[in-house]
Amino acid sequence: MKNNSLLQLFFTFLKIGATTFGGGYAMLPIIKREVVEKFSWLSDEEFVDVLAVTQSIPGAVAVNSAIFIGYKICGLAGAIISMLGAVLPSFIVILIIAIFLARFTEYKLVQAAFSGIRPAIAALIAAAVLKVGKPVMKERLNLMLALLFLVLSAVLNMHAILVILSGGLVGLIRHYRQTKKECEADTE
Amino acid sequence: MILLQLYLAFVKMGFFSIGGGYVMLSLIEKEIINVRGWLTSAEFVDVLAISEMTPGPIAINSATFIGYRVAGVLGSAAATIGVITPSLLLVLLAATLLKRFYQNTWVQAVFSGLRPAVIGLIAGAAIFITRTTLINVPSVIIALGAFILLIFTRLHPILVLTLSALAGISYQYIF
C-alpha cells in the first residue's frame, strides 16, 4: 500500500513537472486536479493552506508543494520522491537542450507552439483564481479581503511576502476580536 | 573544486529566492554573471528564453543549464541539487511544525487570513500575465477558448494546454 502511494506520488509530480510552463501559478489547475480531485490527498481548504505555506518559503512553488504534499502522504520518503518527480522533467529536458539543441528557441515549430501555449498560461492562471478561490470566496468578507490583497499586489506592487504576512495578521486580528467578544458575552 | 562551488552558489541563491522564479533571475545576474563570471549576459538571455519555453520552474531550469555550461552533466546535477536543498530543508521544517500545530486555533486564525491573501496574489498574477501575453487577436481567442474549456468542462488542464499548442501551430502554418 505504502509503496503503491510512493509510486503514485512520483508519477503524479512527474506529470505536473513535465507540464508546468510559465511559472508556479499556471500549474495550479493541474496540481489541483491531480492532488485534490483525483487522489483526494488534500481537501479544498488544505490545498489553499499548502499554497500559503509553500509561497512563504524560498524556492519554486511547484517544488515546494511537491515536497510538502509528499511529506504529508508518505513522510520523508514521500517528500524526496515527489521532489524528484517534480524536478526530473525540467532537469532532463534542459540537459538535452544544453547538450544538443542550443538553438532550440529559434525553431519555427517551437515558436509556433509557444504562440499557443502563452495565452493558455494566462487562461490557466485565470482559471486558478476561480478554482482555488471558490471554497474561500463562499464567505463574503473573504471575497472583500481577496480584492483588497489584489489591489495591494497588482496596483501598489506590494511584495508577495508582505501580502502573505498582512493576510496572516488580518486572520489573527479577526480571531482576537472574536474571542474577546465571546469572553465578554460569557462574563455578562 | 568547481562542483562544490557550483553546489554552494546555488544553495545560497536557493535560500534567497522567495516569491517565485523571477526573483531568482536577479540573483543569477549578480552571483553568476557579475561575481563569478560563469555566464555572459548574452548567454543569460538564452537561458531565459529556454526556461520560458521548457517545462519546469525557472530556478531549476537555469540551475541545470548554468551547471552544464560550467562543468558538464555533473555540474548540472550539482547546481540543481544545490538550488533545491534549501526548499527541501525549509519545507520539511514547515511541514513538521504544521503537523503539530495545524489544529491550534491561533494557527487556524492565521490561515483564515492567508487564504484570501493567496487568492489575491494569484488574481494579481492573472492580470499581469493577461496584459503581457494577450497581444493580438489569435492570442485572445486561444486564451478565451482555453479558459472556457478549463472552467466549463472536465477536460484535463494538460489536454487544454496541448490543444492550445496545436492551435498556435495550426494558426502559424495556415496563415
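Labels below follow one simple rule: chain letters A, B, ... track the order of the sequence lines, proteins then strands, and each chain is numbered from 1.
In this structure, the side chains of B:F111 and A:E45 stay at 4.5 Å or more apart for every pair of heavy atoms. Put simply, the side chain of B:V91 does not reach to within 4.5 Å of the side chain of A:Y71, judged on heavy atoms. Contact check for B:V110 versus A:H175: no side-chain heavy atoms found under the 4.5 Å cut-off. Counting only heavy atoms from C-beta outward, the side chains of A:F149 and B:I119 never approach each other to under 4.5 Å. For the pair A:I117 and B:S164, the minimum side-chain heavy-atom distance is 4.5 Å or more. Counting only heavy atoms from C-beta outward, the side chains of B:R115 and A:N142 never approach each other to under 4.5 Å. Put simply, the side chain of B:S76 reaches to within 4.5 Å of the side chain of A:F91, judged on heavy atoms. Proximity of A:S90 to B:T64: side-chain heavy atoms (C-beta onward) are nowhere separated by under 4.5 Å.
B:R100 meets the salt bridge (charged side-chain N to carboxylate O under 4.0 Å, His left out) test with no other residue; sequence neighbours excluded.
Closest heavy-atom contact between B:L114 and A:I164: CD2-O, 3.1 Å. Minimum heavy-atom separation, A:A122 to B:T133: CB-OG1, 3.7 Å. Of all non-hydrogen atoms in B:A146 and A:A123, the two that sit nearest each other are CB-CB, 3.7 Å. Scanning both residues, B:A117 and A:G167, for their nearest heavy atoms gives CB-CA, 4.0 Å. Here the shortest heavy-atom pairing between A:S115 and B:I142 reads O-CD1, 4.2 Å. When all heavy atoms are compared, the tightest approach of A:P58 to B:G14 is CB-O, 3.2 Å.
In this structure, chain A has a heavy atom under 4.5 Å from the side chain of B:Y68, while its backbone stays farther away.
Taken from CE in A:M83 to CG in B:L92, the straight-line distance is 8.5 Å, to the nearest 0.5 Å.
Side-chain atoms of A:R33 come within 3.5 Å of backbone N or O of B:L155 as a donor-acceptor pair. Without hydrogens or angle criteria, A:K131 side chain to B:L150 main chain gives a donor-acceptor distance under 3.5 Å.
In terms of heavy-atom pairs under 4.5 angstrom with chain A, the leader among B:A123, B:A165, B:G124 is B:A165. For chain A, the option among B:A77, B:P138, B:A95 with the highest count of heavy-atom pairs below 4.5 Å is B:A95.
At a threshold of 4.5 Å between side-chain heavy atoms, the hydrophobic network of Ile, Leu, Val, Met, Phe, Trp and Tyr places B:L134 and B:L149 in two separate groups. Hydrophobic clustering of Ile, Leu, Val, Met, Phe, Trp and Tyr side chains at less than 4.5 Å, counting indirect connections, unites B:I84 with A:L76. Criterion: ILVMFWY side-chain heavy atoms under 4.5 Å apart, direct or through other members. Under it, A:L169 and B:F101 are not part of a common hydrophobic cluster. A:I121 and B:V137 fall into different hydrophobic clusters, where Ile, Leu, Val, Met, Phe, Trp and Tyr residues are linked whenever their side-chain heavy atoms come under 4.5 Å apart, directly or through other members.
With respect to the salt-bridge test (charged N to carboxylate O, under 4.0 angstrom), the residues A:E37 and B:R154 qualify.
Between B:W106 and A:Y176, the ring planes lie tilted relative to each other; the angle falls in the 30° to 60° range.
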